[in-house]
Number of protein chains: 2
Amino acid sequence: MSASPAPGASDRGARTRERLLVAAQELIWEQGVSATTPRQVWERSGTGQGSLYHHFPTKHALALAAVTRTVRQMLDGARASLAHDSEPEERVHDYLTRPRDAVAGCRVGRLTSDATVMADDELRAAVRGYFTQLLDLATVVFEEAGEPPEAARRRATTAVAVIQGGYVLSRALGDPAPMRDATEGLLQLLDIAD
Amino acid sequence: MSASPAPGASDRGARTRERLLVAAQELIWEQGVSATTPRQVWERSGTGQGSLYHHFPTKHALALAAVTRTVRQMLDGARASLAHDSEPEERVHDYLTRPRDAVAGCRVGRLTSDATVMADDELRAAVRGYFTQLLDLATVVFEEAGEPPEAARRRATTAVAVIQGGYVLSRALGDPAPMRDATEGLLQLLDIAD
DNA sequence: GTCTATAAGAGGATAGAC
DNA sequence: GTCTATCCTCTTATAGAC
């Protein structure tokens with residue numbers, strides 16, 4: 001721990017760092033890590049080059065901080081529907097019908113096609129951790145619905161795959177309809193009333 | 001039509017063009033269009049810079065030729081399982097259990113996260129065309145299985161989404177198991193014997 | 001058809017002033 | 001903490017010889 005700087009300066013620094021991080025998260029969602037340049041980040045954040053390289057020594061450090069935070073936020077969102085108190089069937093329904101910007105794609109899933117992400121151990125681990133945890137959350141719900149462990153895991157994987165595939169199709173067609181069709185199709189097969 | 005050049009030279013040129021195209025297809029599968037450089041293409045193909053820019057005036061022309069061919073090949077593969085003569089249920093089963101390099105990802109689906117592809121009208125149209133046709137093929141199969149048109153389209157979208165999502169999950173986890181789990185989970189829900 | 005030389009521009013930093 | 005100037009490399013070509 002170093003001595004506290006003047007409060008005003010400290011706050012300004014924290015806010016600058018925060019704005020850089022938010023800008024990086026947005027740009028990485030829109031374009032991926034590979035296609036996002038440090039320049040784009042400092043321009044969108046309204047800060048400057050000096051600030052960016054002060055708070056994040058490399059593009060890698062910035063990307064890792066941004067992706068790590070996005071993963072945490074997405075898992076919090078998933079828990080909000082999958083891990084609350086209602087019946088398992090209702091939780092599955094909530095998760096599958098959650099509002100999503102289908103055409104924009106999954107903030108994390110899209111990174112599996114990003115060369116910079118997959119070539120980097122830490123970034124790849126962040127993406128892997130997201131899906132590992134998400135699949136575990138969903139598996140528990142199907143177990144609580146009465147499925148044996150193996151079947152619960154298969155069914156959870158199918159459900160998460162439908163969401164990820166719905167994103168791919170909606171993005172490819174530039175239309176939110178495929179995500180809706182894919183999730184409604186699964187809900188019918190699961191015999192969960194729409 | 002221009003006059004035929006000497007046969008030897010013509011063949012060599014055609015073979016060179018072919019090798020460039022194959023190398024581009026491979027590299028685009030592995031890394032996407034954005035991350036694939038002209039240099040990588042001519043090095044992998046065993047040709048040279050002069051040959052590449054002789055056969056393809058720009059990186060865009062090369063990428064479009066490679067992606068267009070990949071889309072055609074993938075649709076031919078899908079038709080092989082979805083559009084043959086057996087019962088609809090068997091065709092669905094064949095499609096869902098077709099051998100796939102799950103960890104490598106879908107040659108076309110992965111392009112939906114590629115900035116260079118999505119920013120270009122022609123490349124985007126090629127990707128869109130692939131999924132439009134694939135969904136149409138699958139919809140017909142579910143209609144032939146007795147589903148009404150709307151339900152058939154939903155179910156087809158769910159099935160294609162499970163494949164695309166299976167790719168995303170297998171890639172994220174570096175493991176072919178999620179693709180297997182996702183497709184087996186869907187087959188059980190569809191009540192098609194494994 | 002293929003080769004090599006050259007070049008404009010962007011990306012990802014680093015250095016040192018303020 | 002932030003700014004500006006500078007630097008090196010890679011990408012995507014173009015030019016002209018062979």
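Protein chains get the first letters and strands the later ones, always in sequence-line order, with residue 1 at the start of each. The structure displayed is predicted, hence computed values, not measured ones.
- When the salt bridge (Lys or Arg N to Asp or Glu O under 4.0 Å) test is applied to A:E26, the partners found at least two apart in sequence or on another chain are A:R44.
- As rounded to whole Å, 16 Å separates atom P of C:dT14 from atom CZ of A:F56.
- Remark: A:T16 is not in phosphate contact with D:dG1, judged by side-chain N or O atoms under 4.0 Å from OP1 or OP2.
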Extract all donor-acceptor atom pairs below 3.5 Å that involve side chains of residues 138-150 of chain A and protein atoms in other chains or at least two apart in sequence.
unit_1: A:T139; atom_1: OG1; unit_2: A:L135; atom_2: O; d: 2.7
unit_1: A:E144; atom_1: OE1; unit_2: A:R91; atom_2: NH1; d: 3.2
unit_1: A:E144; atom_1: OE1; unit_2: A:R91; atom_2: NH2; d: 2.5
unit_1: A:E147; atom_1: OE2; unit_2: A:R155; atom_2: NH1; d: 3.1

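- In this structure, B:S51 reaches the C:dT2 phosphate: one of its side-chain N or O atoms is under 4.0 Å from OP1 or OP2.
- When rounded to the nearest whole Å, the span between NE2 of A:H55 and P of C:dG12 equals 20 Å.
- One can place CG of A:L27 at 12 Å from P of C:dG11, the figure rounded to the nearest angstrom.
- One interatomic measurement links the two molecules: CZ of A:R19 to C1' of D:dG1, which rounds to 13 Å at whole-angstrom precision.
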Each nucleotide in nucleotides 12-18 of chain D should get exactly one letter: B, S or -. Can you fill that in based on protein heavy atoms under 4.0 Å? SBB----

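- Residue A:H54 contributes atom NE2, which lies 17 Å from atom C1' of D:dT4 at whole-angstrom precision.
- A cation-pi geometry, defined here as NZ or CZ lying under 6.0 Å from the six-membered ring centre and within 45° of its normal, holds between B:R100 and B:Y95.
- Applying the side chain to side chain donor-acceptor pair (under 3.5 Å) criterion to B:D136, with sequence neighbours excluded, gives B:R153.
- For B:T47, the side chain to side chain donor-acceptor pair (under 3.5 Å) test picks out B:S45, with sequence neighbours left out.
- Spacing between atom CD of A:E43 and atom P of C:dG12 amounts to 13 Å, rounded to whole angstrom units.
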Can you list, pair by pair, the side-chain donor-acceptor contacts under 3.5 Å of residues 175-192 of chain A, counting residues two or more places apart and other chains?
unit_1: A:D175; atom_1: OD1; unit_2: A:A177; atom_2: N; d: 2.9
unit_1: A:T183; atom_1: OG1; unit_2: A:M179; atom_2: O; d: 3.0
unit_1: A:T183; atom_1: OG1; unit_2: A:R180; atom_2: O; d: 3.1

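- Rounded to an integer number of Å, the gap from A:L62 CG to C:dA13 P is 10 Å.
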